[in-house]
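Below is one structure, written out as structure tokens; the observations come after it.
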Amino acid sequence: MNPQRRALLGGIALAAFAGAQAARADEPAPQPAAEAPDVPPWPPAERIPLWPGEAPGMPAKPPTPSLVMNGTRGARQLAASGIVRPEINVFRASRPDGSALLVIPGGGYGFVSLQNEGIDVAHRFAPFGTSVFVLTYRLPGEGWKNRSRVPLADAQRAMRLLRAQASALRIDPARIGVLGFSAGGHLAADLATAFDESCYAAVDDADRLSARPRFVGLGYPVASLMPGAGHAGSRDNLLGPNASATEVAKHSPAEHVRGDTPPAFVFHAMDDDVVPVESSLSWIAACRRARVPIEAHLFEKGGHGFGLHSAIDSPAAQWPDLFSAWMRQRQA
């Protein structure tokens, strides 16, 4: 790895490690980034820290920041953990049209899948006028106080900061949507249903602004933590082991869809063996009950975590175009 890249890591320092516990039981542990020659440039030159000074609820012993190459699903992908300084990572559109996406990568709340569900997504949408903002959020199992609401606090704060800085970022504050994948889909769905929940003490004028996204995109999301629909690894990392049924229901976004939940776009593969398709089906049903506009695409094949890496002739590879067309309609 280029030594200069290590110096650039800023809020997510490079700390190579091996044999770390995987966030999902069926995923391999991350491999040390130092062994991977093709690490994509990270972080971007422009980024916005979420919190002035320390993030709220800092553990007495802060987690060790790590940037690694994860060998999940047959592809090497850049992933982060130990996020002490959560940030908005900015990928400006070369010809911005005012539209914006807050992108929330997955990782089972045990790491953040920066490349597959962050960098690659930004490179897909930014050339077509949409500015993309990739969120690196705190991981609840790393000692933070109020662990179950730490990721949501970061997502709310990110939406408010984007609105507060919309002019400088050349985006329309009324056209900011969110797109989340896997556990990041849980966080995106949580933001869509709990955007007005008080998760942290206000720190500046940005916190007077709404955290409600204009729309929400969910890719193979953990939209529910309920038995039969959820993902045990994400649930345990978010809530801790042996969470009560009440806590599980409280933190299952599909149980809390309401009339002011933003319009939603969902895609999922039916053969997903990590997050069952029932998770998306529960979100779809909840949106229909609450009369929230919902578009859904269920693909026969694709597995889990395919991001932008499905075979080009696969129906699942079409989701970015489908989402882009839907997003434009919702931003009109």
Do Arg328 and Asp97 sit within salt-bridge range, that is, some charged N less than 4.0 Å from a carboxylate O? yes

Side-chain donor-acceptor distances from residues 187-195 under 3.5 Å, at least two apart:
| unit_1 | atom_1 | unit_2 | atom_2 | d |
| --- | --- | --- | --- | --- |
| Asp190 | OD2 | Arg149 | NH1 | 2.9 |
| Thr193 | OG1 | Ala189 | O | 3.0 |
| Thr193 | OG1 | Asp190 | O | 3.3 |

Transitive ILVMFWY side-chain link [X] to [Y], under 4.5 Å:
X	Y	result
Leu322	Val178	yes
Val216	Leu209	no
Met327	Phe128	no

Pair Phe125 and Phe91, ring centroids less than 6.0 Å apart: no

Partners of [X] by ring pair (Phe, Tyr, Trp, His ring centres under 6.0 Å), sequence neighbours excluded?
X	result
His309	none
His186	Tyr109
Phe299	none
Trp144	none

Which residue, Phe323, Trp283, Phe215, forms the ring pair (Phe, Tyr, Trp, His ring centres under 6.0 Å) with Phe265? Phe323

Is there a donor-acceptor pair closer than 3.5 Å between any side-chain N or O of [X] and the backbone N or O of [Y]?
X	Y	value
Arg85	Pro49	no
Arg138	Pro56	yes
Gln156	Ala211	no
Asp273	His304	no
Thr136	Glu87	yes
Ser279	Ala223	yes
Arg160	Ala206	no
Ser224	Gly230	no
Arg147	Asn237	yes
Asn116	Gly305	yes

Going through the checks in order, is the side-chain contact (heavy atoms from CB on, under 4.5 Å) test met by Asn89 and Leu114? CA-CA 10 Å; Asn89 298 273; Leu114 295 175; 5.8 Å; no

Is there side-chain contact between [X] and [Y], with heavy atoms separated by less than 4.5 Å?
X	Y	value
Leu102	Leu135	yes
Ile88	Arg47	no
Pro151	Pro140	yes
His268	Val275	yes
Ser314	Lys301	no
Ser81	Glu142	yes
Ser210	Arg163	yes
Ser99	Asp172	no

Quick check: closest heavy atoms across [X] and [Y], and the distance to 0.1 Å?
X	Y	result
Ala286	Ala254	CB-O, 3.2 Å
Glu247	Leu239	O-CD1, 4.0 Å
Ala122	Val134	CB-CG2, 4.4 Å
Ile119	Pro41	CD1-O, 4.2 Å
His256	Ser252	CD2-O, 3.1 Å
Leu67	Ala80	CD1-CB, 4.2 Å

Residue pairs passing the side-chain hydrogen bond (donor to acceptor under 3.5 Å, both in side chains) test where at least one lies in residues 315-325, sequence neighbours excluded: Arg124-Asp321

Does Gln77 form a side-chain contact (heavy atoms from CB on, under 4.5 Å) with Phe111? I'd like the steps, not just the answer. CA-CA 12 Å; Gln77 299 290 348; Phe111 63 90; over 6 Å; no

If you round to the nearest 0.5 Å, how far is [atom2] of [Y] from [atom1] of [X]?
X	Y	atom1	atom2	result
Phe133	Ile171	CZ	CD1	4.0 Å
His251	Thr246	NE2	OG1	10.5 Å
Leu218	Phe181	CG	CZ	10.0 Å
Glu117	Leu78	CD	CG	12.5 Å
Arg214	Gln331	CZ	CD	7.0 Å
Arg175	Leu101	CZ	CG	10.5 Å

Above 12 or not: heavy atoms from other molecules or residues under 6.0 Å from CZ of Arg288? no

Please determine whether side-chain contact (heavy atoms from CB on, under 4.5 Å) holds for the pair Val274 and His231, giving the CA-CA distance in whole Å, both sets of side-chain angles, and the decisive distance to 0.1 Å. CA-CA 7 Å; Val274 176; His231 173 247; 3.8 Å; yes

Please walk me through it: do Arg157 and Asp207 pass side-chain contact (heavy atoms from CB on, under 4.5 Å)? CA-CA 7 Å; Arg157 176 73 176 162; Asp207 290 320; 3.0 Å; yes

